[in-house]
Colleague: 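For reference, the structure I am asking about is given below.
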Amino acid sequence: MNKFLSIISILTLSISLIGCKGQVTKEEAKLEKSDKPNIVLLFVDDWGWGDLGYRNSIFETPNIDKLKSESLDFNRAYIPTPTCSPSRASILTGKEAVRMGFVRHISENEEKEFNLWPKDPVQMPSRNWLPLSEVTYAEKLKDLGYYNMFVGKWHLGEQAHYPDQQGFDGVYGTTDAGHPKSYYYPFFKTKEDPKQFLKSGIKEGDYLTNVLTDKATDFIKTYDKKDPFMLSFWYYTVHGPFVGRKDLLKKYKEKGLDKKYAHYAAMVEALDESVGRIRASVEEKGIADNTVIILISDQGGAFTNAPLSGGKKGGNTLGEGGARVPFMVLYPGVTKANTSTDIPVQSIDLFPTLIEIASGKPYQDNTIQGKSLMPILKGGDIDKRNLFFFRSYEDQYAAVIDGDWKLIKYHSGLYKLFNVVKDVSETNNLIDTETKKAEALKGALSNWEKEAVPVY
């Protein structure tokens, strides 16, 4: 009888243990949350595809070069609408900006929902803020247990539309401005200077990139929650005005760079130092093995983007130099060090990628146009991904990429067709010789415009 009772006791204990395993305690839930990777997104303003040391020896970027050597580098990363506010709206939502009514940066007067750009040949209205109804990656990650910290430039609306209204728990350095008036304090016009700067003890002579980096690194070092975090550090640099840090400027003048370009190069090096400091703080915190680092730019540079054509200015923002940007991802245990891919991707792909990183599951949502990059991060490819669409606001206003091919459309009726793999500088217009490809892409672009571009 005793033997029988012993067997019953063992069985009861076993069933109890099985039952407990199926139920997650609060302590276990917290432990599971902490196992999710932290995420650091470094989003740079107006930083050209070639403006880093491993592509152009003019620039000294040892920290970014080191990050590249440890990451997966995307050689063909694009911005759907390569302009300040639209690029930000896209990375936040996973949507092509034009679908949300963004085709250019917001104006300084936000009294009206839309603004018109004097040089826009068709006077298409563009939004002055990101609607709060749009779902951001911060809101999605918050639902998955993440704490979201935002540092730096927003440019998606004034205070009623600031990051803290779009899922971010902490905000520092955000203003109504699209760029500072100087990178030395005082940084902004009086009414736009964040009171946070004064509370932080910022003083005359302090450099904006350093100030924001101080806050970002302090956030990482002092973070004490059990929940994982995502730090979104959206730089004002290297957007103009071109004010290089004084201790870095001399070397670039000695290299023979003209005044503005020397300042720009010094700003790039200050950016590089910032990236190095961010990574050092992650290492010091002891979380490097469980922290994803993402570095990307919002559009092409304002100076030469050779060998790519086009850039931020000059009517060719949809050229490779305007729409193609630096982009690299370090995901410990997932990405392979010192690798690169020529698979075309867009910044809208970050939204579903972030959610998959945070949840461990592919994100399914037919309201966004982005596709998760996780298959590429793991060394594979994205299935059923062919066409990428672009929109701008000048005479050159729309484009489509299909693999190696790119078609650009102008309001004036002009079309240009390039093989951007064989002809990265876009010097050989094949519109009259590759007629079959041209007609196919014209049709695809026309169909996309009918579906994606709002009619006001």
Side-chain angles (χ1 to χ4, degrees), residues 24 29-43 67 70-74 76-80 87-96 99 134-150 166-169 226-234 282 287-296 325 327-337 339-341 343-388:
V24 179
K30 288 181 179 178
L31 183 61
E32 286 181 5
K33 281 184 180 180
S34 67
D35 285 341
K36 293 181 178 180
N38 304 299
I39 305 168
V40 176
L41 171 60
L42 306 174
F43 192 29
L67 176 62
E70 298 170 358
S71 303
L72 173 63
D73 191 24
F74 290 81
R76 294 185 64 194
Y78 296 94
I79 306 296
S87 65
R88 282 157 176 72
S90 283
I91 206 168
L92 267 178
T93 65
K95 294 181 179 181
E96 295 161 338
R99 293 177 185 263
E134 294 292 346
V135 178
T136 70
Y137 65 67
E139 290 170 310
K140 287 292 186 182
L141 265 62
K142 194 179 186 73
D143 291 342
L144 292 166
Y146 275 71
Y147 182 93
N148 290 282
M149 180 67 190
F150 186 91
Q166 290 281 20
F168 292 92
D169 301 289
K226 291 189 179 295
D227 294 335
F229 69 79
M230 177 167 181
L231 168 63
S232 297
F233 186 176
W234 292 15
V282 170
I287 56 174
D289 290 342
N290 196 36
T291 300
V292 180
I293 307 288
I294 302 167
L295 177 63
I296 190 170
V325 295
F327 177 35
M328 59 192 74
V329 178
L330 170 58
Y331 189 169
V334 177
T335 54
K336 187 177 179 181
T339 55
S340 63
T341 177
I343 300 170
V345 300
Q346 284 188 320
S347 57
I348 52 176
D349 299 332
L350 270 175
F351 180 95
T353 306
L354 292 172
I355 298 171
E356 186 167 350
I357 290 172
S359 68
K361 301 175 182 178
Y363 181 64
Q364 305 294 332
D365 184 350
N366 59 11
T367 67
I368 69 170
Q369 291 73 57
K371 303 289 184 183
S372 175
L373 301 174
M374 193 61 72
I376 302 177
L377 298 183
K378 292 179 178 179
D381 200 347
I382 296 180
D383 295 332
K384 300 178 181 177
R385 184 70 181 277
N386 296 316
L387 302 176
F388 296 82

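Everything numeric in this text was worked out from a predicted model, so none of it was measured.
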Colleague: State whether the side chain of D349 and the backbone N or O of Q346 hold a donor-acceptor pair below 3.5 Å, judged by distance alone.
Modeller: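 Such a contact is found between D349 side chain and Q346 backbone.
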Colleague: Measuring from atom CE of M230 to atom CG of N148, what distance do you get when rounded to the nearest 0.5 angstrom?
Modeller: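 Going from CE on M230 over to CG on N148, the span is 7.0 Å.
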Colleague: Nearest 0.5 Å please: distance from the CH2 atom of W234 over to the CG atom of L42.
Modeller: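 It is 12.5 Å, given to the nearest 0.5 Å.
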Colleague: Pair K95, F351 - check side-chain contact (heavy atoms from CB on, under 4.5 Å), show working.
Modeller: CA-CA 9 Å; K95 294 181 179 181; F351 180 95; over 6 Å; no
Colleague: Taking C-beta and beyond as the side chain, do F229 and V40 meet within less than 4.5 Å on heavy atoms?
Modeller: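 A side-chain contact exists here, since the closest heavy-atom pair is under 4.5 Å.
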Colleague: Quick check: closest heavy atoms across P37 and I357, and the distance to 0.1 Å?
Modeller: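 Reported closest heavy-atom pair: CG-CG2, 3.5 Å.
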Colleague: Identify the two heavy atoms, one from T339 and one from K336, that lie closest to each other, and give their separation to 0.1 Å.
Modeller: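 Result for this residue pair: OG1-O, 2.7 Å.
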Colleague: If you look at every heavy atom in L350 and I296, which pair is closest and at what distance?
Modeller: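 For L350 versus I296, the nearest heavy atoms are CD1-CD1, 4.3 Å.
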Colleague: If only atom types and distance count, is the side chain of D169 paired as donor or acceptor with the main-chain N or O of M149 below 3.5 Å?
Modeller: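 Not confirmed, D169 side chain does not pair with M149 backbone.
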Colleague: Taking it one step at a time, do I343 and I382 satisfy side-chain contact (heavy atoms from CB on, under 4.5 Å)?
Modeller: CA-CA 9 Å; I343 300 170; I382 296 180; 5.6 Å; no
Colleague: Let me confirm one number: the CD1-CZ distance from I294 to F74, rounded to the nearest 0.5 Å.
Modeller: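 If we round to the nearest 0.5 Å, I294:CD1 and F74:CZ are 9.5 Å apart.
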Colleague: Do you see a donor-acceptor pair shorter than 3.5 Å between the side chains of S372 and E356?
Modeller: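 Yes - a donor-acceptor pair under 3.5 Å links their side chains.
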Colleague: Name the one of I39, V282, L231 that satisfies side-chain contact (heavy atoms from CB on, under 4.5 Å) with T291?
Modeller: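 Exactly one option meets the side-chain contact (heavy atoms from CB on, under 4.5 Å) with T291, and it is V282.
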Colleague: Do any N or O atoms from the side chain of K36 and from the backbone of G145 form a donor-acceptor pair under 3.5 angstrom?
Modeller: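 Checked: no pair found.
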Colleague: Provide the closest heavy-atom pair for A358 versus L141 in the form atom of the first, atom of the second, distance.
Modeller: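 Looking at all heavy atoms of both residues, the shortest contact is CB-CG, 4.1 Å.
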Colleague: So F327 and S347, side-chain contact (heavy atoms from CB on, under 4.5 Å) or not? Walk me through it.
Modeller: CA-CA 9 Å; F327 177 35; S347 57; over 6 Å; no
Colleague: Starting at CD1 of I368, measure out to CD of E134 and round the result to the nearest 0.5 Å.
Modeller: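 Answer rounded to 0.5 Å: 11.5 Å.
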Colleague: Could you go step by step and tell me if L373 and V329 meet the side-chain contact (heavy atoms from CB on, under 4.5 Å) rule?
Modeller: CA-CA 10 Å; L373 301 174; V329 178; 5.7 Å; no
Colleague: Enter the distance from S87:OG to L92:CG here, rounded to the nearest 0.5 Å.
Modeller: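 Separation between the atoms: 9.5 Å.
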Colleague: Drop me the distance from T93's OG1 to Q369's CD, to the nearest 0.5 angstrom.
Modeller: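 With rounding to 0.5 Å, OG1 (T93) is 8.0 Å from CD (Q369).
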Colleague: Once the angle between the rings of F168 and F150 is folded into 0 to 90°, is it parallel (under 30°), tilted (30 to 60°) or perpendicular (over 60°)?
Modeller: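 Rings of F168 and F150: perpendicular, as their planes differ by over 60°.
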Colleague: Where is the tightest heavy-atom contact between P332 and A288, given as atom of each residue plus distance?
Modeller: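 Looking at all heavy atoms of both residues, the shortest contact is CG-O, 3.3 Å.
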Colleague: If I compare all heavy atoms of K142 with all of G167, which pair ends up nearest, and what's the gap?
Modeller: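 Residues K142 and G167, closest heavy atoms: CD-O, 3.9 Å.
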Colleague: Any side-chain to backbone donor/acceptor pair from D381 onto P375? Under 3.5 Å, distance only.
Modeller: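 No, because the side chain of D381 does not come within donor-acceptor range (under 3.5 Å) of the backbone of P375.
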Colleague: Heavy-atom count check: over 12 atoms from other residues, nucleotides or ligands less than 6.0 Å from D289 CG?
Modeller: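 Incorrect, the count does not exceed 12.
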Colleague: Could you tell me whether a side-chain N or O of S71 sits under 3.5 Å from a main-chain N or O of M328, the two making a donor and an acceptor?
Modeller: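 Flag not set: sc S71 to bb M328 has no pair under 3.5 Å.
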Colleague: Does the side chain of M374 come within less than 4.5 Å of Y363's, by heavy atoms?
Modeller: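 With C-beta onward as the side chain, the pair stays apart.
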